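For reference, the structure is listed below as structure tokens.
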Amino acid sequence: MSADPTQTLAFDTSCHLFDGCGFPAPGLHSFMFEPLWGDADGNGLYFNKPMLLALLGSVIIVGFFWAAFARPKVVPGKLQMIAESGYDFVRRGVVYETIGKKEGEKYVPLAVSLFFFIWMLNLWSIIPVASFPVTSIIAYPAVLAAIVYVTWVSLTFKRHGFVGFFKNVTGYDKSLGAVLPLAMVIEFFSNLLVRPFTHAVRLFANMFAGHTLLLLFTIASWYMLNGIGIAYSGVSFVMVIVMTAFELFIQAVQAYVFVLLTCTYIQGALAEHH
């Protein structure tokens, strides 16, 4: 499905308040992009802006840590110190606190990779020219959640076997008595179906909503830049600044929450079931 290129993120810049044109409100078209390369009808292979941003984000993250740790020093330089601080934050503040130092050490690379990759994809939203959070397209959070889901399921099988896996995902507890069958059914569907869905949607929905609000106030600032509307435009522009600052905070929080839940799932897979 293709989108009108004039309706992709941009808007009619000649349209202002009192000009007789309607407000060009953001919508689903704001999240659709013409291919930069490939089939313009979307029926074959193609490459668009979100894909480019995801690729660039990966290169930036890998390049950053490569530059920081390629030649580590006992007394770290500024770049190494920043990289070590970020790595240590995820390792100690998330992985160790959730899984524990002994069991969690092997999952630190996964957690660090997820955190900085998601954060970078979110950050594109407030970077000029890019101006788009890649995670506001559901496919990207869904793939990341699927990676976590497969990791969690395989770890549970490996640690507990088939019977132990069944008890783990159903919350089997004989002390529940007569309600045990109902509780097991609810836990089964919650863990195997609802969990990966909410893991992906939580990240997607926050980035989608945040980007829509940023677009709304940005477009409104330009739209009202006419006649007496200039006063309203100034208020809207202040909201753009406020929302950008708020979005910067939310971007980091969503990366943190995604990784925290990942570690919680892994901890549940490794925990002994009694």
Side-chain angles (χ1 to χ4, degrees), residues 1-15 23-66 113-147 199-223 236-237 239-241 243-255 257-259:
M1 180 178 181
S2 62
D4 182 350
T6 63
Q7 293 295 309
T8 303
L9 277 185
F11 52 95
D12 185 359
T13 55
S14 64
C15 181
F23 177 64
L28 289 180
H29 62 268
S30 302
F31 297 83
M32 300 172 64
F33 296 85
E34 286 292 308
L36 300 174
W37 169 85
D39 189 353
D41 294 326
N43 297 320
L45 294 176
Y46 66 94
F47 191 78
N48 60 15
K49 180 178 177 178
M51 295 176 183
L52 176 61
L53 294 178
L55 179 60
L56 287 176
S58 303
V59 172
I60 290 172
I61 294 300
V62 172
F64 170 74
F65 281 101
W66 183 276
S113 299
L114 284 174
F115 178 82
F116 284 100
F117 181 64
I118 293 171
W119 193 13
M120 185 68 244
L121 296 192
N122 293 347
L123 276 173
W124 284 124
S125 174
I126 60 172
I127 296 176
V129 180
S131 303
F132 185 79
V134 179
T135 46
S136 65
I137 295 179
I138 187 62
Y140 293 91
V143 169
L144 295 174
I147 293 173
H199 199 192
V201 169
R202 182 181 288 105
L203 174 60
F204 155 73
N206 278 278
M207 291 300 100
F208 184 94
H211 185 60
T212 301
L213 285 173
L214 274 177
L215 280 178
L216 181 65
F217 287 110
T218 301
I219 295 173
S221 298
W222 181 262
Y223 178 70
S236 183
F237 184 70
M239 285 303 301
V240 172
I241 297 174
M243 287 302 303
T244 299
F246 182 66
E247 190 69 6
L248 185 61
F249 170 72
I250 294 298
Q251 289 163 358
V253 168
Q254 287 305 311
V257 170
F258 192 95
V259 173

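Worth saying up front: this structure is predicted, and the values here are computed from it rather than measured. The first residue in the sequence is number 1, and the count goes up from there.
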For residues 200-208, which side-chain N or O atoms pair as donor and acceptor with protein atoms under 3.5 Å away, sequence neighbours left out?
| unit_1 | atom_1 | unit_2 | atom_2 | d |
| --- | --- | --- | --- | --- |
| Arg202 | NH1 | Thr198 | O | 3.4 |
| Asn206 | ND2 | Arg202 | O | 2.7 |

Would you give the length of the straight line joining atom [atom1] of [X] to atom [atom2] of [Y], rounded to the nearest 0.5 angstrom?
X: Ile61; Y: Leu56; atom1: CD1; atom2: CG; answer: 11.5 Å
X: Leu121; Y: Phe132; atom1: CG; atom2: CZ; answer: 11.0 Å
X: Ile126; Y: His211; atom1: CD1; atom2: NE2; answer: 12.5 Å
X: Ile147; Y: Leu114; atom1: CD1; atom2: CG; answer: 7.0 Å

Next on the checklist: Under the criterion side-chain contact (heavy atoms from CB on, under 4.5 Å), I'd like the reasoning laid out for Tyr46 against Leu36: C-alpha separation, chi angles, the key distance, then a yes or no.
Outcome noted: CA-CA 7 Å; Tyr46 66 94; Leu36 300 174; over 6 Å; no

Just jot down the side chain to side chain contact (heavy atoms under 4.5 Å, CB included) partners of [X], sequence neighbours excluded, or say none.
X: Leu55; answer: Phe47
X: Ser236; answer: Phe217, Ala220, Ser221, Met224
X: Ser58; answer: Phe117

Are the side chain of [X] and the backbone N or O of [Y] linked by a donor-acceptor pair below 3.5 Å?
X: Trp124; Y: Leu53; answer: yes
X: His199; Y: Phe258; answer: yes
X: Ser131; Y: Pro128; answer: no

Item to check | Contacts of Phe65 that satisfy ring-ring contact (aromatic ring centres under 6.0 Å, His included) - sequence neighbours left out | outcome: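 For Phe65 the ring-ring contact (aromatic ring centres under 6.0 Å, His included) partners, ignoring immediate neighbours, are Phe116.
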
Next on the checklist: Quick check on Leu28: does its CG atom have over 12 non-hydrogen neighbours (other residues, nucleotides or ligands) under 6.0 Å away?
Outcome noted: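 No, because the 6.0 Å sphere around CG of Leu28 holds 12 heavy atoms or fewer from other groups.
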
Non-hydrogen atoms of [X] and [Y] that approach each other most closely:
X: Met120; Y: Gly57; answer: CG-CA, 3.7 Å
X: Ser125; Y: Leu214; answer: OG-CD1, 3.8 Å
X: Asn48; Y: Pro50; answer: OD1-CD, 3.2 Å
X: Val129; Y: Lys49; answer: O-NZ, 3.3 Å
X: Pro26; Y: Ile219; answer: CD-CD1, 4.1 Å

Next on the checklist: Are the side chains of Ile118 and Tyr140 in contact, using a 4.5 Å heavy-atom criterion?
Outcome noted: no

Checklist entry - Can you check side-chain contact (heavy atoms from CB on, under 4.5 Å) on Phe33 and Met51, steps first, answer last? => result CA-CA 10 Å; Phe33 296 85; Met51 295 176 183; over 6 Å; no

N/O donor to acceptor pairs below 3.5 angstrom from side-chain atoms of residues 245-254, sequence neighbours left out:
| unit_1 | atom_1 | unit_2 | atom_2 | d |
| --- | --- | --- | --- | --- |
| Gln251 | NE2 | Asn122 | O | 3.1 |

